[in-house]
Asker: 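My structure is below; once you've seen it, I'll send some questions.
Remember, it's 1-based here, ligands and their atoms both numbered in the order they're listed.
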Amino acid sequence: MCGIVGYIGEEQAAPFLLNGLSKLEYRGYDSAGVAVYDNELHVVKSKGRLSVLDGILQGGKALPGTVGIGHTRWATHGAPSDVNSHPQVSDGGKFAVVHNGIIENYLELKNHLIRRGVEFVSDTDTEVVAQLLEYYYRNDVLDAVQKVIRRVEGSYALGIICADCPEKIFAVRKDSPLIVGAGQGENFIASDIPAILSKTRDIYRLQDKEIAVLERDNIAFFNEEREPIEKQLERVEWDVDAAEKGGFEHFMMKEICEQPEALRKTISPRIKENKVVLDDISLTAEQLRDVSRVFIVACGTSYHVGVVAKYAFEKLLKIPLEVDVASEFRYRDPILDEHTLVIIISQSGETADTLAALRMAKKSGARVLSIVNVVGSTIANESDDVLYTWAGPEIAVASTKAYSTQLAVIYLIVLYMAQELGVLSDKERKEYLDDLQRLPDLAESCLADKEKIQYFASRYFNAGDMYFIGRNVDYAASLEASLKLKEISYIHSEAYTGGELKHGPISLIEDGTLVIAICTYDRLFDKMMSNVKEVKARGAVVLGITTHDREEAFRQEGDFRFCIPKITDFMLPSLSILPLQLFAYYCASMKGCDIDKPRNLAKSVTVE
Ligand code: F6R
C-alpha cells in the first residue's frame with residue numbers, strides 16, 4: 001500500500017512531493033524517496049519516517065527542479081532499507097521509477113536481464129521495471145513503457161521519469177490505483193486523492209493498462225496499443241479526512257472491503273499452472289517429509305487462523321498439529337525437536353509473546369516458518385522461512401484483512417505440502433486450487449450484502465451479551481467473530497462449540513438472548529440444527545450463517561439468516577467471517593464506539 005506522487009510544472013517539485021507524500025502517510029510505509037530532474041536525475045531516498053527524508057532535503061530546498069516523482073514504500077520484496085526504497089533507477093541511470101503493487105514474474109525477468117549483463121542493486125521487484133525500461137528503450141519512452149507492460153505480470157501503478165525526456169512524466173497502472181491531477185500549467189500523478197488536493201480537485205482515473213503522458217500544459221492518454229484515448233475529467237468533492245479513508249468512515253470498514261483485493265494479491269502470484277509455487281521459502285520436499293509434527297503459535301486473531309489450520313492440516317496431510325497461544329506455549333514444555341515444524345503467525349511481526357515463542361522453538365532445533373504481514377519485522381528476520389501476506393498496512397486495531405490473508409497463506413502451505421508430499425491426486429489438487437482462486441470473488445459477493453447485516457445489527461447492538469456457536473471450522477470462525485465483536489463494540493460475547501452447550505453454557509440462555517450459529521460445515525449441519533433447537537427452546541433469538549443450499553433448512557429452525565457460497569470445507573471461515581466482521585463493525589458504530597482505536601488496545605503488542 002505504498003504511496004505515489006508526481007509533479008510537473010513551473011514550481012519546485014521537491015517541496016510539493018514531500019507534502020503530497022505526507023498526505024499518504026496514513027497508508028503506512030517504512031521508507032520514502034524522491035527523484036527530481038535538474039539537468040540530470042537526482043534521487044534521494046531513505047529508510048524510516050518521511051521526516052528523515054524531509055530533513056535530508058531541507059524541506060525540498062536542497063533538491064531543485066520542476067519535474068519529479070516521490071514514493072512512500074511499504075516493503076513487499078526486500079526488507080525496508082535505503083537501497084530498496086523507491087525510486088528505483090535503471091543500470092544506465094536513464095529511468096527512475098516509483099511503483100505500487102507486486103510484479104509477480106519479477107524473478108524470471110530479473111534472471112533474464114542478469115544473463116544479459118544488467119546489474120541489479122536492490123531486492124525489489126520494482127527495479128526490474130526500471131531495468132526493463134532501459135533495456136527496451138530506443139529513443140522512445142512510450143514504446144519502452146508499452147513493451148514493459150506486455151512483459152510484466154501482476155499489479156502495478158507506475159510513475160516514470162526519463163533523463164532523455166525530462167519534460168514529461170509517464171504513468172500507467174494495472175490493479176493498483178493511480179490518478180492524474182490536472183492543474184493550470186502544472187499536472188500531477190498520485191496513488192490517492194489527498195496527495196494532490198492542495199493543488200487541484202480535477203482528476204482523471206487511469207484504468208488498467210492506460211498510459212498517461214504528462215507535460216506542464218498537456219495530458220495525453222493512450223491505450224496499451226498506443227492509440228490516443230479520451231478520458232473523462234472528474235471533480236473531487238470530498239474533504240481530505242474522508243479522502244484518506246477512501247471515502248469510508250473508518251479504516252476498519254475500508255480494510256474489510258479491501259479483503260477481496262488483498263486475497264488476490266496473496267494468492268494469485270503463488271499459483272502457477274495448477275501448482276502452488278512458494279518461491280520465497282527454502283523448505284525442500286525432503287525436509288517436509290521429515291516433519292513429524294507441526295505447531296502453530298500466535299496471539300489473538302492470528303491464533304484463530306491457527307485453529308482453522310488444524311482442521312486443514314489434519315484433514316489433508318494427516319500430520320498432527322497443535323495450536324497454541326504464544327503466551328502459553330512459551331511457558332510450557334512443548335515437545336520440540338528437529339523433526340518439528342513451528343509455524344508462527346503475526347500481522348505485525350513484533351508481538352512480544354510470539355517472538356519469544358519463536359526464539360524458544362529455534363533454540364530447540366525446530367524449523368520455523370512464519371506468516372507475517374510487515375516485511376523486515378523481527379519475526380520475519382528471525383525465522384528460517386517467511387511467507388508474507390501482502391495485505392498492505394492494517395491501520396485499524398481490529399484485524400480483518402490480516403486474518404483473511406493469513407488464512408489464505410495457510411491454505412497455500414497445506415496445498416503446497418500436499419503437493420510436495422504427493423498426498424493428493426492431480427484432480428483433487430486442481431479442485432482445491434480452483435476453490436482457492438475463486439475465494440477473492442466469493443469474498444466480494446459476501447461483502448455485497450452489507451445492508452442485511454446493518455439491519456440486523458440495528459436490532460441487536462444494545463444487547464448485553466451474545467453467544468457464537470459452531471462446530472469444526474465453524475467453531476474456529478466463531479472464536480474470531482466473538483473476538484471481533486467484543487473488542488470493538490464492548491459487547492460481552494463468547495464462542496462455544498455446539499456440542500459443549502449442554503455442558504454448562506446453555507444455562508446462560510434466556511428469553512431474547514442472541515445466539516449467532518455458524519452452520520456452514522455441511523457434515524455437521526444437522527447437529528448444529530439440534531443445537532439451534534436447544535437454544536431456541538430456552539428463548540434465544542438465532543441468527544444463522546449458512547450456505548445458500550442450506551438456507552431453506554435453516555429457515556425452518558432459526559430466526560434470521562445470512563448465506564454464503566459453498567466452498568471447500570476448510571476454506572469456509574474465509575467467507576463466514578465476512579458478515580460477522582461487518583456485524584461487529586455496525587454494532588460498534590451504532591453504539592458510537594471508537595472503532596479504529598478501541599479502548600485499552602494497541603495495534604502491536606510489543607510487551608509481555
Ligand atoms: C484482534 C487483533 C489482535 C492481534 C494480536 C496478534 O483484532 O488484532 O488479537 O491479532 O495482538 O497480533 P499480531 O498478529 O501482530 O502478532
Asker: Between H77 and W390, what is the ring plane arrangement, given parallel below 30°, perpendicular above 60°, and tilted in between?
Answerer: parallel
Asker: Using salt bridge (charged side-chain N to carboxylate O under 4.0 Å, His left out) as the criterion, list what pairs up with E322, not counting sequence neighbours.
Answerer: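 In terms of salt bridge (charged side-chain N to carboxylate O under 4.0 Å, His left out), with neighbours along the sequence ignored, E322 is linked to R293, R332.
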Asker: I'd like to know whether ligand 1 has N373 as a neighbour, heavy-atom separation below 4.0 Å.
Answerer: no
Asker: Between Y467 and H492, what is the ring plane arrangement, given parallel below 30°, perpendicular above 60°, and tilted in between?
Answerer: perpendicular
Asker: May I ask whether K484 has any heavy atom positioned less than 4.0 angstrom from an atom of ligand 1?
Answerer: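 Yes, that is the case, since the closest heavy atom of the residue is under 4.0 Å from the ligand.
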Asker: Would a line drawn from the ring center of F461 to the ring center of Y586 be shorter than 6.0 Å?
Answerer: no
Asker: Check ligand 1 against A398 and write out every atom of the ligand that is under 4.0 Å from a heavy-atom position of the residue.
Answerer: 7 (O)
Asker: Pairs of nitrogen or oxygen atoms closer than 3.5 Å, one from Q406 and one from ligand 1: do any exist?
Answerer: no
Asker: What protein heavy atom is closest to atom 4 (C) of ligand 1, reported as residue, atom name and distance in Å?
Answerer: T301 N, 4.0 Å
Asker: Which of the numbered atoms in ligand 1 are under 4.0 angstrom from any heavy atom belonging to E487?
Answerer: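 So the answer, numbered in order with elements, is 1 (C), 7 (O).
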Asker: Is NZ or CZ of R599 both nearer than 6.0 Å to the six-membered ring centre of Y490 and within 45° of the ring axis?
Answerer: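 Yes, a cation-pi geometry holds between R599 and Y490.
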Asker: Using distance alone, determine whether T354 and ligand 1 share an N or O pair under 3.5 Å.
Answerer: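 No: no nitrogen or oxygen of T354 is under 3.5 Å from one in ligand 1.
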Asker: Can you name the side chain to side chain donor-acceptor pair (under 3.5 Å) partners of D449, sequence neighbours left out?
Answerer: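 Checked D449 against side chain to side chain donor-acceptor pair (under 3.5 Å); zero matches.
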Asker: Mind telling me whether F560 and Y460 have parallel, tilted or perpendicular rings, with 30° and 60° as the class edges?
Answerer: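 Judged by the thresholds at 30° and 60°, the geometry between Y460 and F560 is perpendicular.
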Asker: For atom 16 (O) of ligand 1, which protein heavy atom lies nearest, and how many Å away is it?
Answerer: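 Of the protein heavy atoms, T351 OG1, 2.5 Å lies nearest.
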Asker: How far is atom 5 (C) of ligand 1 from its nearest protein heavy atom, and which residue and atom is that?
Answerer: C299 O, 3.6 Å
Asker: Closer than 4.0 angstrom, basic N to acidic O: yes or no for R270 and D279?
Answerer: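 Result for this pair is no, no salt bridge flagged.
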Asker: Numbering the atoms of ligand 1 from 1, which are under 4.0 Å from a heavy atom of S346?
Answerer: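 Those qualifying, in numeric order: 13 (P), 14 (O), 15 (O), 16 (O).
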Asker: To which protein heavy atom is atom 11 (O) of ligand 1 closest, and what is the distance rounded to 0.1 Å?
Answerer: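 Looking at atom 11 (O) of ligand 1, the protein heavy atom closest to it is V605 CG2, 4.2 Å.
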Asker: Pull out every atom of ligand 1 sitting under 4.0 Å from any heavy atom of S348, numbered as shown with elements.
Answerer: 13 (P), 15 (O), 16 (O)
Asker: Between F570 and Y432, is the ring pair (Phe, Tyr, Trp, His ring centres under 6.0 Å) condition met? List the steps.
Answerer: CA-CA 10 Å; F570 61 78; Y432 285 123; 5.6 Å; yes
Asker: Decide whether an N or O pair under 3.5 Å exists between V397 and ligand 1.
Answerer: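 Such a contact does occur with ligand 1.
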